[in-house]
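Remember, it's a predicted structure, so these values are computed and weren't measured experimentally. Quick note on labels: first sequence line is chain A, next is B, and so on, each numbered from 1.
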Amino acid sequence: MEKIQSVKGTRDFYPEEMAVRNWLFDGWQAASLRNGFVEYDSPIFEYLQLYTAKSGDEIAGQLFSLTDRGGRELAIRPETTPSLARMVNQRINSLPRPVKWFSISRLCRAERPQKGRLREFFQWNTDIISDSAYEYADADCIYTAVDYLRSVGLIKDDIIVKISSRAMLAELLKSQGFVDEQLGTVYSLLDKQPKIPPDKFTAMAEEQIPDADLRERLMRLQSVGSIGELIEFAPESVQKSIYPLETLFHILGKMGISDYCGFDINIVRGLAYYTGMVFEIFDRRSQLRAVCGGGRYDNLLAGLGGPSVPAVGFGMGDVVLEILLREKNLLDSAKNHLDFFIVYDDYKIFEDKGLSLVNSLREKGFSTAFDYRRTSAMARQLKMASSQAARFAVILGQETIDSDEITLKNMADGSQKRIAIKDFLKETDKYEFQRRPL
RNA sequence: GUGGGAGUAGCUCAGCUGGUUAGAGCACCAGGUUGUGGUCCUGGGGGUCGCGGGUUCGAAUCCCGUCUCUCACCCCA
C-alpha cells in the first residue's frame with residue numbers, strides 16, 4: 001500500500017501548530033468582541049452560483065466545486081462575504097442596525113500554493129452593515145484590525161494601514177482626462193506599480209496607455225503621498241469626493257491610531273465590488289503579501305437580490321499573519337502549557353494524597369498531569385514536567401507528607417517552597433494562569 | 001496555465017567525478033541519578049536514498065521517464 005500524504009496546499013495541525021492556531025483565533029475573537037462584533041458562521045459549501053453571480057464564471061476555475069447526487073452545483077466556500085450577504089439579506093428587515101458581525105472561517109481556493117498562500121486556510125472576517133455610509137463605520141472597521149494587530153505585539157514601526165478610496169480615485173482619474181473604459185486598466189496599473197521595478201512599470205504603462213500626456217498625468221498622480229498633498233493636488237471637482245477620506249483620517253487620529261495609517265493611491269484592491277474606502281495592511285519591511293484587506297461595498301447586498309445597504313468589512317488570513325508574527329518573534333505565548341505536574345517518590349503516598357489533589361486541581365480548571373509508571377525516579381518525573389512545559393511541579397515526598405505538606409516548585413526559575421496542601425489549594429485561586437474556570 | 005529549484009531517518013541536511021554494512025545534528029526511548037528538571041555524557045530504536053525503468057561486476061551517486069513538494073509569474077475574493 002502506497003503512503004498517502006496530505007493534499008497539496010493543506011496543512012496538518014499537530015498539537016504544536018494547533019496551539020498557534022488557537023492562539024490566533026482567541027486573539028481574533030477577543031478583538032472582535034471588545035470592538036462590539038458578534039459571531040456568526042455559514043455553511044462550508046454553498047451553491048456555486050452564489051460566487052459566480054457577482055464575480056463571473058471565471059471564478060469557478062479558482063474554487064473547489066462539486067455536483068451533489070441531486071445534480072446541484074455546489075462549491076466549497078472561497079470567501080465568507082457572499083454568505084454573509086445572503087444571510088443578512090434573508091433577515092434584512094428584522095436585524096437591528098448596525099449589523100456588526102464577525103466570523104472565523106475555513107476557506108478553500110483551488111490555487112497554486114506559494115508563500116503566504118495555500119489552498120486551505122482560515123480567515124477572520126468582520127463586517128458592518130449600517131444605514132448610511134458613515135465614516136465612523138469605516139474607522140471602526142480599520143480600528144478593529146489595528147486593535148488586534150496591536151494586541152499581539154505589532155507596533156507602528158512594524159505595520160502600515162494603506163488607505164484609499166475607489167470613489168475618490170475614479171473622480172480623480174476622470175478629472176485628469178481618463179474615461180470610464182480606462183479606469184480598470186489604470187486600477188490594475190496602480191495596483192502593480194509597487195510590486196514591479198520602475199522600468200518594467202514604464203514599459204507596461206506605455207503599452208496600456210498609448211497617450212503620452214495621459215501617462216504623464218498618471219505619473220504625477222503617483223507622487224501624491226498623503227491626504228494633505230491630495231487635497232492640494234486635486235482640482236475643485238474632486239474635492240467633494242476627498243472629504244469622506246479626510247474625515248476618516250481625522251477620526252482615526254482621534255481614535256489614536258494615525259501612526260499606523262497612511263493614504264496610498266496604489267491601493268485599489270482586485271475585487272470589483274468595492275465602492276468607496278479601500279485599505280490593506282502590510283508589514284513595513286518585508287516583502288510579504290497584505291496581512292489584511294478590506295473596504296466599503298455599498299451594493300453587495302443589492303447584487304444578490306437584496307436592498308441597497310451600505311457595508312464595510314475586512315478579511316485577515318492566518319497564513320501571512322503567522323509568517324509575519326514568526327518573523328517578529330511574537331509567537332512565544334502560542335504554546336501548549338501544563339499548569340501542574342505532580343511528582344512523587346512513592347506511589348503509595350501518591351495514591352493516598354496525590355490522586356485527590358489531582359482531582360482538586362482539575363476541578364478548579366487547572367491542567368494537571370502525573371507519571372503513570374509508579375516507580376520512576378523523581379528526576380525523570382521532573383524531566384517529564386519540563387518537556388510538558390509545566391508551570392509548577394507539585395512534589396509529594398516522604399519528608400513532608402506526614403505533616404500534609406507538599407513542595408511547590410516553580411519550573412521557570414527553579415524556586416520552591418514548602419506549603420500545606422490546604423493552603424496550596426487556597427492559594428491557587430489567585431493564580432492568573434487559571435484558564436478554564438468552571 | 002508558464003518558468004526555476006528540490007526530493008536521503010519524524011525534522012534540518014551531509015554523502016553524489018559509481019565501490020565495504022548509508023551518516024550528522026535536533027527530536028524520540030533508555031541509562032549515568034533511591035528527593036530535584038532544562039546542561040552534559042553513554043547507549044538504543046528509526047531509512048526499499050520519492051517511484052519505475054536503463055547503463056554497469058556494482059547505483060543514493062550516471063541516463064530516461066514519472067510522481068510529489070517548493071518558489072516565482074498569471075490571478076488574488
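Regarding A/Leu84, its CG atom lies at a distance of 17 Å from the P atom of B/A77, rounded to whole Å. The CG atom of A/Leu118 sits 12 Å away from the P atom of B/C69 (whole-angstrom rounding). Atom CZ in A/Arg119 sits about 10 Å away from atom P in B/U70, given to the nearest Å. Atom CD in A/Glu111 sits roughly 15 Å away from atom C1' in B/C71 (whole-Å rounding). The separation between A/Arg269 atom CZ and B/C75 atom P is 15 Å, rounded to whole Å. Taking atom CD of A/Glu16 as the reference point, atom P of B/C26 lies 17 Å away to the nearest angstrom. The distance from atom CD of A/Gln62 to atom P of B/G1 is 13 Å, rounded to the nearest whole Å. Between the CD atom of A/Gln287 and the P atom of B/C73 there is a distance of 11 Å, given to the nearest Å.
Spacing between B/U8 and B/A14 at atom C1', rounded to whole Å, works out to 10 Å. When the C1' atom is used for both B/U42 and B/G58, the distance is 37 Å, rounded to whole Å. Rounded to whole Å, the separation between the C1' atoms of B/G53 and B/U48 comes to 16 Å. For the P atom pair drawn from B/A9 and B/A60, the interatomic distance equals 14 Å after rounding to whole Å. To the nearest whole angstrom, the two P atoms, one in B/G15 and one in B/A6, are 13 Å apart. Separating the P atom of B/G10 from that of B/G19 is a span of 25 Å, rounded to the nearest Å. A distance of about 14 Å separates the C1' atoms of B/G46 and B/G23, rounded to the whole Å. Taking the P atoms as reference points, B/A30 lies 37 Å from B/C71, given to the whole Å.
Applying the ring pair (Phe, Tyr, Trp, His ring centres under 6.0 Å) rule to A/Phe249 yields no partners; only residues at least two apart in sequence or on another chain are considered.
Base pairing analysis places B/G65 opposite B/C51; the two distances defining the Watson-Crick or G-U wobble pair are each below 3.5 Å. For B/G46, there is no paired base (Watson-Crick or G-U wobble, both distances below 3.5 Å). The nucleotide B/A72 finds its pairing partner in B/U2, both defining distances of the Watson-Crick or G-U wobble pair being shorter than 3.5 Å. Across the strands present, B/A77 finds no partner; the criterion is a Watson-Crick or G-U wobble pair with both atom distances under 3.5 angstrom. Nucleotide B/G23 has B/C13 as its partner under the Watson-Crick or G-U criteria, with both atom distances under 3.5 Å.
For the residue pair A/Gln123 / A/Thr80, no side-chain donor-acceptor distance below 3.5 Å is found, with atom types taken as modelled.
Between A/Arg112 and B/C75, a side-chain N or O to OP1/OP2 separation shorter than 4.0 Å is absent. Phosphate proximity of B/U70 to A/Lys115: absent, as no side-chain N or O sits under 4.0 Å from OP1 or OP2. When the side-chain nitrogen and oxygen atoms of A/Gln114 are compared with OP1 and OP2 of B/C71, none of them lie within a distance under 4.0 Å.
Both tests hold for A/Arg21 against A/Phe13: distance to the six-membered ring centre under 6.0 Å, angle to the ring axis within 45°.
At a cut-off of 3.5 angstrom, the base of B/C71 holds no donor-acceptor pair with the side chain of A/Arg117. Taking 3.5 Å as the limit, the base of B/A77 and the side chain of A/Gln123 contain no donor-acceptor pair of atoms between them.
For the ring-ring contact (aromatic ring centres under 6.0 Å, His included) with A/Phe314, the qualifying choice from A/Tyr148, A/Tyr274, A/Trp124 is A/Trp124, the only one to do so.
Within the 4.5 Å cutoff, side-chain heavy atoms of A/Asn266 are placed close to those of A/Gln222.
The distance from the OH atom of A/Tyr187 to the CD1 atom of A/Ile267 is 14.0 Å, given to the nearest 0.5 Å. Interatomic distance, CZ of A/Arg11 versus CE of A/Met18, reported as 10.5 Å (0.5 Å rounding).
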Inset, instruction - Would you give a per-nucleotide map of nucleotides 35-41 of chain B, 5' to 3', where B means the base has a protein non-hydrogen atom under 4.0 Å away, S means only the sugar-phosphate does, and - means neither? - result: BBBB---
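The aromatic rings of A/Tyr372 and A/Phe370 stand perpendicular to each other, their planes meeting at an angle above 60°, with 30° marking the opposite boundary. In this pair, A/Phe366 and A/Tyr431 present their aromatic rings perpendicular. The plane angle is above 60°, beyond the 30 to 60° band.
The residue among A/Lys195 and A/Val7 whose nearest nucleotide of RNA chain B lies closer to the 5′ end is A/Val7.
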